[in-house]
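Notes for the one structure printed next.
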Amino acid sequence: MAEMSGKVIRYNLETEIKHGIQVSNLAYAVGMELGLPKGKCYDLAVAGLLHDIGKLRLTRYVSGEKNPLVIEEIKYVRRHTQLGCEFLKNRGYEKSVLEAIYYHHENYDGSGYPENLEGENIPLSSRILRVCDTYAALTEKRPYRDAFGCSQAVGMMIDEVKNFDMQVFLAFQRVVHNEEERGEIESCS
């Protein structure tokens, strides 16, 4: 995803696209598992693909130092949801897609961002993206760590289950289990 280099953060477009595709595919499958209409699942897939597009606009907000992010820079990194929505607004995307992107870092317990929403106040599409984005991030290699395997990633998510809508998380686990059975992902057992 992000690479450490001369700048604090440099986003690799190819890596961001791969991450978006994984989130998109998972979000569509979780939506189907939850029994959502195909149109809503399609919107989830679009939101999953574009959910981090605001990160590509962050380089203007970080200092360019090699040091770890300072608090002010973290505030800007957390603005990627807003930056993404601003970029996509007036480009023909459904309101539900923009909403899913804007709130995809909200945690079910209210500890997320940008608005500290909790529970059912978080749009369902954002709750779905939250789970799928977390899994995708854990199972991808990062500049600062190797990718976690499926079972380890799911275990880590269980440890932090307070962040997720339980019905969404259970649907996600069924999707991952079904993908495992079809040989589409490594064994989570």
Side-chain angles (χ1 to χ4, degrees), residues 1 12-56 80-81 84-85 88 92-109 112 117-142 146-189:
M1 298 297 293
N12 176 299
L13 184 58
E14 180 181 348
T15 304
E16 289 296 322
I17 290 170
K18 286 178 183 177
H19 174 74
I21 290 169
Q22 184 180 13
V23 173
S24 175
N25 290 338
L26 282 169
Y28 183 89
V30 170
M32 293 297 287
E33 182 67 28
L34 288 169
L36 299 179
K38 278 198 176 200
K40 292 282 185 195
C41 295
Y42 174 80
D43 287 349
L44 278 168
V46 171
L49 184 63
L50 299 173
H51 75 284
D52 278 343
I53 197 167
K55 286 182 177 178
L56 299 175
H80 80 275
T81 61
C85 283
L88 296 171
Y93 291 97
E94 294 290 329
K95 181 182 177 201
S96 62
V97 170
L98 299 176
E99 202 172 64
I101 291 168
Y102 185 75
Y103 296 112
H104 80 271
H105 278 289
E106 296 288 356
N107 291 329
Y108 203 72
D109 69 353
L117 298 180
E118 65 180 291
E120 303 292 318
N121 291 322
I122 305 167
L124 177 60
S125 56
S126 300
R127 289 181 265 150
I128 292 169
L129 286 187
R130 182 71 178 115
V131 170
C132 299
D133 183 37
T134 300
Y135 177 79
L138 290 170
T139 57
E140 293 165 357
K141 184 179 181 341
R142 297 293 175 107
D146 287 331
F148 294 105
C150 175
S151 60
Q152 191 174 9
V154 170
M156 293 169 76
M157 292 172 74
I158 290 169
D159 289 343
E160 296 295 323
V161 78
K162 66 180 178 31
N163 294 335
F164 311 121
D165 176 322
M166 187 55 68
Q167 295 307 312
V168 171
F169 187 68
L170 293 172
F172 159 78
Q173 285 188 301
R174 290 190 298 272
V175 165
V176 170
H177 178 73
N178 290 339
E179 287 180 356
E180 175 190 1
E181 284 187 341
R182 289 191 304 268
E184 295 172 12
I185 60 172
E186 69 169 77
S187 174
C188 284
S189 305

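Hydrogens, waters and symmetry mates are skipped; everything else that's a heavy atom, side chains included, is used.
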Rounding to 0.5 Å, atoms NE2 (His105) and NE2 (His80) come to a distance of 3.5 Å
Could you list all the salt bridge (Lys or Arg N to Asp or Glu O under 4.0 Å) pairs where at least one residue sits in residues 146-158, not counting sequence neighbours? Lys141-Asp146
Which heavy atom in Ser96 sits nearest to a heavy atom in Ser125, and how many Å separate them? O-OG, 3.9 Å
Sequence neighbours excluded, the answer for side-chain contact (heavy atoms from CB on, under 4.5 Å) partners of Leu88 is Leu50, Ile53, Tyr93, Leu98, Ile101
Could you tabulate the donor-acceptor pairs under 3.5 Å formed by side-chain atoms of residues 20-36, not counting sequence neighbours?
| unit_1 | atom_1 | unit_2 | atom_2 | d |
| --- | --- | --- | --- | --- |
| Gln22 | NE2 | Thr139 | OG1 | 3.4 |
| Ser24 | OG | Ala45 | O | 2.7 |
| Asn25 | ND2 | Ile21 | O | 3.4 |
| Glu33 | OE2 | Arg174 | NE | 2.6 |

By salt bridge (Lys or Arg N to Asp or Glu O under 4.0 Å), Asp165 pairs with (sequence neighbours left out) Arg127
Which residues pass the ring-ring contact (aromatic ring centres under 6.0 Å, His included) test with Tyr108, sequence neighbours left out? none
Tell me, do Asn163 and Met157 make a side-chain contact under 4.5 Å, heavy atoms counted? no
Got a sec, which residues hit side-chain contact (heavy atoms from CB on, under 4.5 Å) with Glu118, two or more places apart in sequence or on another chain? none
Hey, what do you get for CG (Leu56) to CD (Glu16), rounding to the nearest 0.5 Å? 6.0 Å
Roughly how far apart are His51 NE2 and Leu129 CG, rounded to 0.5 Å? 7.0 Å
Partners meeting side chain to side chain donor-acceptor pair (under 3.5 Å) with Tyr102 (sequence neighbours left out): Glu115
Using the test side chain to side chain donor-acceptor pair (under 3.5 Å), find all partners of Asn121 that sit at least two apart in sequence or belong to another chain. none
Mind checking what makes salt bridge (Lys or Arg N to Asp or Glu O under 4.0 Å) contact with Glu160, not counting sequence neighbours? Lys162
If the condition is side-chain contact (heavy atoms from CB on, under 4.5 Å), which residues does Ser126 pass it with, not counting sequence neighbours? Ala100, Tyr103, Ile122, Pro123
Should the pair Phe164 and Phe169 be assigned to parallel (<30°), tilted (30 to 60°) or perpendicular (>60°) ring geometry? parallel
Glu94 side chain near Glu99 side chain, heavy-atom distance below 4.5 Å: no
Would you give the length of the straight line joining atom CG of Leu138 to atom CG of Asp133, rounded to the nearest 0.5 angstrom? 9.5 Å
Rounded to the nearest 0.5 Å, what's the gap from OG1 on Thr134 to NE2 on His104? Could you check? 9.0 Å
Compare all side-chain heavy atoms of Lys18 with those of Glu14 and state whether any distance is below 4.5 angstrom. yes
Show your reasoning for whether side chain to side chain contact (heavy atoms under 4.5 Å, CB included) applies to Gln152 and Met156. CA-CA 6 Å; Gln152 191 174 9; Met156 293 169 76; 4.3 Å; yes
For residues 41-51, which residue pairs pass the salt bridge (Lys or Arg N to Asp or Glu O under 4.0 Å) check, not counting sequence neighbours? none
